[in-house]
Amino acid sequence: MSIGKDSLHSLFETTFGKASNVNYYFCPGRVCLIGEHLDYNGGHVLPTAVSLGIYAAVSKNSGNIIRCKSQSFENEVIIKLSEDIFPKNEDPWGNYIRGVVSYLQNTGVKIPGLDIYFASNLPHGAGLSSSAAIEVLTTFLILSETDEPIDLEKISLLCKDVENDFVGMKCGIMDQFTVALSKPNQAILLNCDNLNMSYVPVDTGDYKFIIINSNVPRSLTNSAFNTRRQECEQALAELNKKFGITSLAEATFEQVNSVGQDSPRKRAIHVVSENKRVIEAKNVLEKGDILRFGQLMKESHQSLKEFYEVTGPELDSIAENAWSIDGCIGARMTGAGFSGCCIALVKNDHIESFKETLGQRYLSQHPTPLSFHEFEMNGGVRTFQKQKFT
Ligand code: GLA
């Protein structure tokens, strides 16, 4: 689906009526190329924004309320700016907006009444950071509409706080940082311990990354995610006592192997090995050794399956089938896991046959058909006027 400014404008006017001054904004989703479950463990990640994302048309209204409508959800979200704002269990998507509005108000931003229409071609709940996208988009557009300074790093940190403390998902910083700060055709190498970052050009030559969506909803994600995080904290507490380690990703294999309890030890083994893979992946990408990059993707998936135990039957089936299909040199789950999406690195002239073979093999093992998304890397959150996004 392609969403242009004109269609967004007419959706806006159908919902809210004519407005003289409408502005348009876009925030992408992201894929993590490699470096999973490292952000909240002080490790390195290598993600990039994708061209699928969420669009917003915005106009000021004369009331003291924010009114939001989304093409993807039935209910309208209404926030009274003069009242205290709390999360509402019955309205999960509205909570991202409520959280952002409330946290921005707490930093002293005077938010005017706004009408906002959202439209999206980013699958939601699929591990492509639709939550970070709506948070960062909403923050960016409110700051733009109020002529407040835009500091993308600060935006990402505020949105992470919203997600952790207002929405209740104990995520790390990777998603918000990536959708806010990405640049065209680059990945971000981010050290999540101190937020030092560099851009890494992504030139995959004859190969292309593609997204493979299992289309299976990730209902258990939040609780299982928070449990993994606790297990890592348990491992770190033990390693801190024994060796003075303050960030799990910095431990040695010998140290993590000494962790007493099974689950925390396995999670820590993944963290240490994945962190090394990210550094190697960045180096091989810079050298153009794309075959080795693909191999690292495979090793990453295997570690997420065996040690972190977040892949699940659908993502294993996608990745493991993909590895053996002609033209595919690497595939792995991306995002939190427990279903959602994989990414694969596939030779350009094999993409169609790859999709067909994988789609068929998968359907002989699972009931829900896969969908495939090709994408460009066009950078992070931004305003837009004329261009069409696909
Ligand atoms: C989710 C979280 C991120 C990160 C990934 C796993 O997307 O929001 O912070 O932990 O899972 O790498």
Side-chain angles (χ1 to χ4, degrees), residues 27-50 52 92 95-96 99 122-136 156-182 187-193 195 197 211 213 217-233 236 247-249 267-268 270-275 277-278 281 296-297 300-301 303-305 307-312 315 332-343:
C27 187
R30 66 95 192 89
V31 286
C32 175
L33 301 179
I34 193 162
E36 221 65 81
H37 291 281
L38 289 190
D39 55 356
Y40 54 88
N41 283 307
H44 293 78
V45 293
L46 193 68
T48 185
V50 297
L52 304 168
N95 284 339
Y96 298 111
L122 180 68
H124 58 89
L128 301 175
S129 287
S130 54
S131 322
I134 188 112
E135 290 156 359
V136 169
S156 69
L157 289 166
L158 180 133
C159 291
K160 175 181 174 283
D161 287 347
V162 168
E163 180 102 29
N164 287 169
D165 303 327
F166 194 92
V167 176
M169 161 79 167
K170 300 293 178 196
C171 65
I173 186 64
M174 173 170 75
D175 303 347
Q176 292 81 5
F177 199 93
T178 308
V179 304
L181 283 112
S182 278
I188 294 177
L189 178 73
L190 177 65
N191 177 339
C192 301
D193 204 26
L195 295 192
M197 59 98 79
I211 295 170
N213 189 351
R218 303 173 314 150
S219 48
L220 278 177
T221 304
N222 284 15
S223 62
F225 187 98
N226 293 347
T227 308
R228 291 294 177 284
R229 200 169 168 153
Q230 283 158 11
E231 290 163 343
C232 290
E233 279 160 10
L236 179 61
S247 152
L248 198 51
R267 311 309 178 227
H270 165 74
V271 167
V272 172
S273 70
E274 183 82 345
N275 196 41
R277 276 187 290 276
V278 176
L296 289 166
M297 290 172 72
S300 167
H301 186 93
S303 174
L304 287 156
K305 175 180 180 181
F307 294 105
Y308 222 74
E309 298 179 284
V310 289
T311 52
L315 297 182
R332 58 182 293 278
M333 55 155 268
T334 191
F338 318 102
S339 75
C341 290
C342 283
I343 49 167

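Just follow the structure's listing: the first ligand is 1, and inside any ligand the first atom is 1. On a predicted model such as this, the values are computed, not experimentally measured, just so you know.
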task: Name all residues meeting the salt bridge (charged side-chain N to carboxylate O under 4.0 Å, His left out) criterion together with R30; count only those two or more places apart in sequence or in a different chain, and write none if there are none.
output: D175
message: Holding to salt bridge (charged side-chain N to carboxylate O under 4.0 Å, His left out), I want the full list of residues that pass it with R228, two or more places apart in sequence or in another chain.
response: E231
Nearest non-hydrogen partners of A49 and P28, listed with the distance: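 It is CB-CG, 3.6 Å.
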- request: Identify the two heavy atoms, one from Q176 and one from C171, that lie closest to each other, and give their separation to 0.1 Å.
  value: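 Looking at all heavy atoms of both residues, the closest pair is NE2-SG, 3.8 Å.
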query: Taking 4.0 angstrom as the limit, do D165 and K170 come out as a salt bridge?
result: yes
- prompt: Of the backbone atoms (N, CA, C, O) and the side-chain heavy atoms from C-beta on, which set of R30 has a member under 4.0 Å from an atom of ligand 1: side chain, backbone, both, or neither?
  reply: side chain
Atom indices of ligand 1 within 4.0 angstrom of [X] heavy atoms, with elements:
X: M174; answer: 4 (C), 5 (C), 12 (O)
X: D39; answer: 3 (C), 4 (C), 9 (O), 10 (O)
X: H37; answer: 6 (C), 12 (O)
X: G335; answer: 6 (C), 11 (O)
X: D175; answer: 1 (C), 2 (C), 3 (C), 7 (O), 8 (O)
X: G172; answer: 9 (O)
X: F225; answer: 1 (C), 2 (C), 10 (O), 11 (O)

Distance-only donor-acceptor check, side chains R277 and S300, under 3.5 Å: no
query: Any nitrogen or oxygen of Y40, main chain or side chain, under 3.5 Å from a nitrogen or oxygen of ligand 1?
result: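 No, since none of the N or O atoms of Y40 sits under 3.5 Å from an N or O of ligand 1.
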task: Identify the residue among F307, F225, F338 that makes a ring-ring contact (aromatic ring centres under 6.0 Å, His included) with H37.
output: F225
